[in-house]
Amino acid sequence: QEQLVESGGGVVQAGGSLRLTCHASRSVFDSSTLAWFRQAPGKDREFVACSSWSASTVFYSDSVKGRFTISRDKSSLAAYLLMNNLKPEDTAIYYCAADPSLEVYTFAEEYDYWGQGTQVTVSS
């Protein structure tokens, strides 16, 4: 069972920043698209950002474009989500996901592996 482990969530004031980290096994990291999704209370899980295995292709949702940056570091087998200018509507549980195909998807059902999630709370 492949594992993804997120960390870095917390409580921050609006306008602040957080960096989320997702650690993956080597087999997952080297060949998978890595993505971040989030789920707010009472809402469906929504796509945030993704990076192809080579990091040559990245996508962002319109709601975070220009504020969030996804990256991945091969030496630490980690993917990161740097979140700047956070807004109260960014409050959610953030999940890291991996898709071992070579495609890049923004749909949650295409991802095979998921982390346990990390809570991000933005106060106004």
Side-chain angles (χ1 to χ4, degrees):
Q1 180 69 29
E2 302 294 350
Q3 283 191 321
L4 300 172
V5 181
E6 303 101 331
S7 61
V11 180
V12 64
Q13 287 189 328
S17 299
L18 283 174
R19 189 181 77 161
L20 305 183
T21 301
C22 171
H23 286 286
S25 62
R26 175 163 296 282
S27 62
V28 170
F29 185 91
D30 284 348
S31 61
S32 297
T33 293
L34 296 177
W36 290 94
F37 289 81
R38 67 186 182 186
Q39 188 166 19
K43 294 188 176 181
D44 292 334
R45 191 168 296 190
E46 68 168 336
F47 169 77
V48 175
C50 68
S51 170
S52 63
W53 69 272
S54 64
S56 60
T57 301
V58 295
F59 290 125
Y60 297 95
S61 69
D62 288 343
S63 61
V64 307
K65 196 174 296 181
R67 299 188 298 122
F68 291 11
T69 304
I70 188 171
S71 60
R72 51 195 298 165
D73 179 10
K74 188 173 183 178
S75 64
S76 57
L77 301 180
Y80 303 100
L81 185 69
L82 176 61
M83 306 183 294
N84 293 322
N85 191 21
L86 282 160
K87 304 176 181 180
E89 52 263 43
D90 294 318
T91 295
I93 299 174
Y94 283 70
Y95 297 91
C96 179
D99 168 24
S101 76
L102 296 181
E103 303 296 329
V104 181
Y105 296 108
T106 62
F107 302 104
E109 55 266 28
E110 299 294 343
Y111 287 81
D112 293 337
Y113 307 115
W114 291 83
Q116 82 287 353
T118 185
Q119 176 72 47
V120 172
T121 302
V122 184
S123 62
S124 58

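Values below: every heavy atom of this structure, side chains too, minus hydrogens, waters and symmetry copies.
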Peer 1: Measuring only between side-chain heavy atoms, which start at C-beta, is D112 closer than 4.5 Å to P100?
Peer 2: yes
Peer 1: Testing the basics here: between Q116 and L4, what is the closest heavy-atom pair and its distance to 0.1 Å?
Peer 2: OE1-O, 3.7 Å
Peer 1: Can you get from Y95 to V120 by hopping between Ile, Leu, Val, Met, Phe, Trp and Tyr side chains that sit under 4.5 Å apart?
Peer 2: no
Peer 1: If we ignore hydrogens and angles and just use 3.5 Å, is the side chain of T91 paired with the main-chain N or O of V122 as donor and acceptor?
Peer 2: yes
Peer 1: Provide the full list of salt bridge (charged side-chain N to carboxylate O under 4.0 Å, His left out) pairs with a residue in residues 55-64, sequence neighbours left out, each pair given once.
Peer 2: D62-K65
Peer 1: Per the ring pair (Phe, Tyr, Trp, His ring centres under 6.0 Å) rule, what does the pair list look like for residues 22-74, sequence neighbours excluded?
Peer 2: F37-F47, F37-Y111, F37-W114
Peer 1: May I ask you to check whether over 12 heavy atoms, not counting those of Q13, lie within 6.0 Å of atom CD?
Peer 2: no
Peer 1: Do S124 side-chain atoms and A14 backbone N/O form a donor-acceptor pair below 3.5 Å?
Peer 2: no
Peer 1: Would you say the side chain of V64 lies within less than 4.5 Å of the side chain of M83, judging by non-hydrogen atoms?
Peer 2: no
Peer 1: Considering residues at least two apart in sequence or located in another chain, which fulfil the disulfide (SG to SG under 2.5 Å) criterion with C96?
Peer 2: C22
Peer 1: Give, for atom CD of Q119 and atom CD of E6, the distance between the pair rounded to the nearest 0.5 Å.
Peer 2: 12.0 Å
Peer 1: Can you find a pair of side-chain heavy atoms, one from Y80 and one from D73, that are under 4.5 Å apart?
Peer 2: yes
Peer 1: Going from OH on Y113 to OG on S27, what distance comes out if it is rounded to the nearest 0.5 angstrom?
Peer 2: 7.5 Å
Peer 1: As a quick check of understanding, evaluate side chain to side chain contact (heavy atoms under 4.5 Å, CB included) for C50 and V104, giving each step before the final call.
Peer 2: CA-CA 8 Å; C50 68; V104 181; 3.4 Å; yes
